[in-house]
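What follows is a short report on a single structure.
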Amino acid sequence: MREEIAAHGPMPVARFMALALGHPEHGYYMTRDPLGRSGDFITAPEISQMFGEMLGLWLAALWQAEGAPQDAILAELGPGRGSLMADVARVFAGATGRKPPLWLVETSPVLQQAARARLEGWDLHIVPHINDLPQSPLFLVANEFFDALPVHQFQKLDAVWAERCLDWREDTFTPVLRRGPVPPLDPRLPDGAIHELCPAAKPVMAGLGARIAAHGGAALIVDYGDWQGSGDTLQAVAGHERVPPFEAPGQRDLTAHVRFADLAAMAPDLAHGFAEQGAFLAALGIGARAEALARGGDHHAIADALDRLTGPDAMGRLFKVLGLARPGQPLPGLAPLPKETP
Ligand code: SAH
């Protein structure tokens, strides 16, 4: 990074994020399994099987509604350890009576190996890019995938937008503003405002949308963020604590909030359901599932997991769900997309 800055000048935040997370040798995800209690952060499927079970039921309902295509595949973007897919696939197979092929889009060799071990016994395929998925009816989930895609940050100063970049000064990566061509941004935002854009999401949403439009299927995208919004949402986490984002690249997780309105606009017509995670899981019956599990297990642990997944002060409101399917297909647990705010 220092060499690149020395050669080309300050580096966009998006470039910093892409290298910190995805550099083939030193990138954060390339070198470790960051999940779990002993890692840096815990995700919904690592909290409880109930999360993946609800997503698996949703996909099974959509598979039925799509006419039960026999050549359907189950797929996931950024599967981590494979925990979510294990729960989704088990429930999907139980509800539909067929064991579909599983396709994971994953770039990290460490996590590819973990997922392979977790999903033994399934017809499993792991590929690096969404375009490597077969042309088949596609039933896909992505949890905390889009928050890891690099964002560009732009700031408005004296009525002019400039890109936030990192310079190397006094032995630290230091944010600076670089004037130059910027994409069109909302002129109503006030001076000082920061706005984030995630162009890396575009080819992913386009690939997803094209497959569902051509072959049928459905997708659920779950992440933290909002329908719209601006501001600096870049955050770094190590050992379950917030840490400064531009220190020790490659050693800590970096994420940014997802702007779901932007994602939806990248798959027009297909993205047509949206909800908060808590409301979505409740509508699909997570409460009844928790009761059933509690009868045979540790009911304190299950009540705690239910609260973490759905509670308004836990993940229930911060995390959102976007649903994609062909126009007219009803999407259980999701409401129509919010209207653009003026
Ligand atoms: N979905 C999992 C893991 C979330 S962590 C869970 O909920 O537990 C983010 C995941 O996305 C990791 O598996 C990481 O390796 C993967 N990832 C990040 N950027 C990626 C990219 N550009 N292409 C493919 N996978 C990516």
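Here the structure is a predicted model, which means the values were calculated and not measured. Counting starts at 1 for both ligands and their atoms, in listed order.
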| request: Report yes or no: is the cationic atom of Lys320 (NZ for Lys, CZ for Arg) under 6.0 Å from the centre of the six-membered ring of Trp227, at an angle within 45° of the ring normal? | output: no
| N/O separation below 3.5 Å, Thr43 to ligand 1 | yes
| request: To the nearest 0.5 angstrom, please state how far the CG atom of Asp191 sits from the CD atom of Gln155. | output: 9.0 Å
| field | Thr107 and ligand 1 - part of the residue with a heavy-atom distance under 4.0 Å | value | both
| said: Quick test: of every protein heavy atom, which one is nearest to atom 11 (O) of ligand 1, and how far off is it to 0.1 Å? | reply: Gly78 CA, 3.3 Å
| request: For atom 18 (C) of ligand 1, grab the closest protein heavy atom and report residue, atom and distance to one decimal in Å. | output: Ala148 CB, 4.0 Å
| Heteroatom distance test (Phe41, ligand 1): nitrogen or oxygen, under 3.5 angstrom | no
| request: Please work out which of the three classes, parallel, tilted or perpendicular, describes the rings of His125 and Trp103, given edges at 30° and 60°. | output: parallel
| remark: The atoms of ligand 1 lying under 4.0 Å from a heavy atom of Gly80, numbered in the order shown, are 2 (C), 3 (C), 13 (O)
| How far is atom 4 (C) of ligand 1 from its nearest protein heavy atom, and which residue and atom is that? | Glu144 O, 3.5 Å
| remark: d(Phe145 CZ, Glu106 CD) to nearest 0.5 Å is 8.5 Å
| Are Arg242 and Gln235 close enough that a side-chain donor and a side-chain acceptor fall under 3.5 Å? | yes
| At what distance is the nearest protein heavy atom to atom 5 (S) of ligand 1, and which residue and atom is it? | Tyr29 OH, 3.6 Å
| Between Glu46 and Arg81, is the closest basic N to carboxylate O distance under 4.0 Å? | yes
| task | Provide, to 0.1 Å, the distance between atom 13 (O) of ligand 1 and the closest protein heavy atom, together with that atom's residue and name. | result | Glu106 OE1, 2.6 Å
| message | At under 4.0 Å between heavy atoms, is it the side chain or the backbone of Arg81 that contacts ligand 1, or both, or neither? | response | neither
| request: Measure the CG-CG distance between Leu133 and Leu138 for me, rounded to the nearest 0.5 Å. | output: 6.0 Å
| task | For ligand 1, indicate whether the residue Leu111 contacts it via side chain, backbone, both or neither (heavy-atom separation under 4.0 Å). | result | side chain
| remark: A student checking ligand 1 against Phe145 at a 4.0 Å heavy-atom cut-off should list atoms 11 (O), 20 (C), 21 (C), 23 (N), 24 (C), 25 (N), 26 (C)
| said: Closer than 4.0 Å to some heavy atom of Ser108 - which atoms of ligand 1 meet that? | reply: 15 (O)
| query | Is there a donor-acceptor contact under 3.5 Å linking the side chains of Thr233 and Glu196? | reply | yes
| query | Is the shortest side-chain N to carboxylate O distance from Arg326 to Asp269 below 4.0 Å? | reply | no
| message | If the cut-off is 4.0 Å to any non-hydrogen atom of Glu76, which atoms of ligand 1 fall inside it? | response | 1 (N)
| query | Which atoms from ligand 1 have a heavy atom of Pro45 less than 4.0 Å away? | reply | 6 (C), 7 (O), 8 (O)
| request: Provide, to 0.1 Å, the distance between atom 22 (N) of ligand 1 and the closest protein heavy atom, together with that atom's residue and name. | output: Leu149 CD2, 4.0 Å
| Of all pairs that satisfy salt bridge (charged side-chain N to carboxylate O under 4.0 Å, His left out), the ones with a partner from residues 118-146, not counting sequence neighbours | none
| query | Between Gln153 and His195, does any side-chain donor sit less than 3.5 Å from a side-chain acceptor? | reply | no
| query | If you round to the nearest 0.5 Å, how far is CZ of Phe51 from CZ of Phe319? | reply | 8.0 Å
| field | atom 7 (O) of ligand 1 [closest protein heavy-atom partner, distance rounded to 0.1 Å] | value | Asn143 ND2, 2.8 Å
| task | Return yes when His129 approaches ligand 1 closer than 4.0 angstrom through a heavy atom, no otherwise. | result | no
| N/O of Glu46 under 3.5 Å from N/O of ligand 1, yes or no? | no
| Against heavy atoms of Leu35, which atoms of ligand 1 measure under 4.0 Å? | 8 (O)
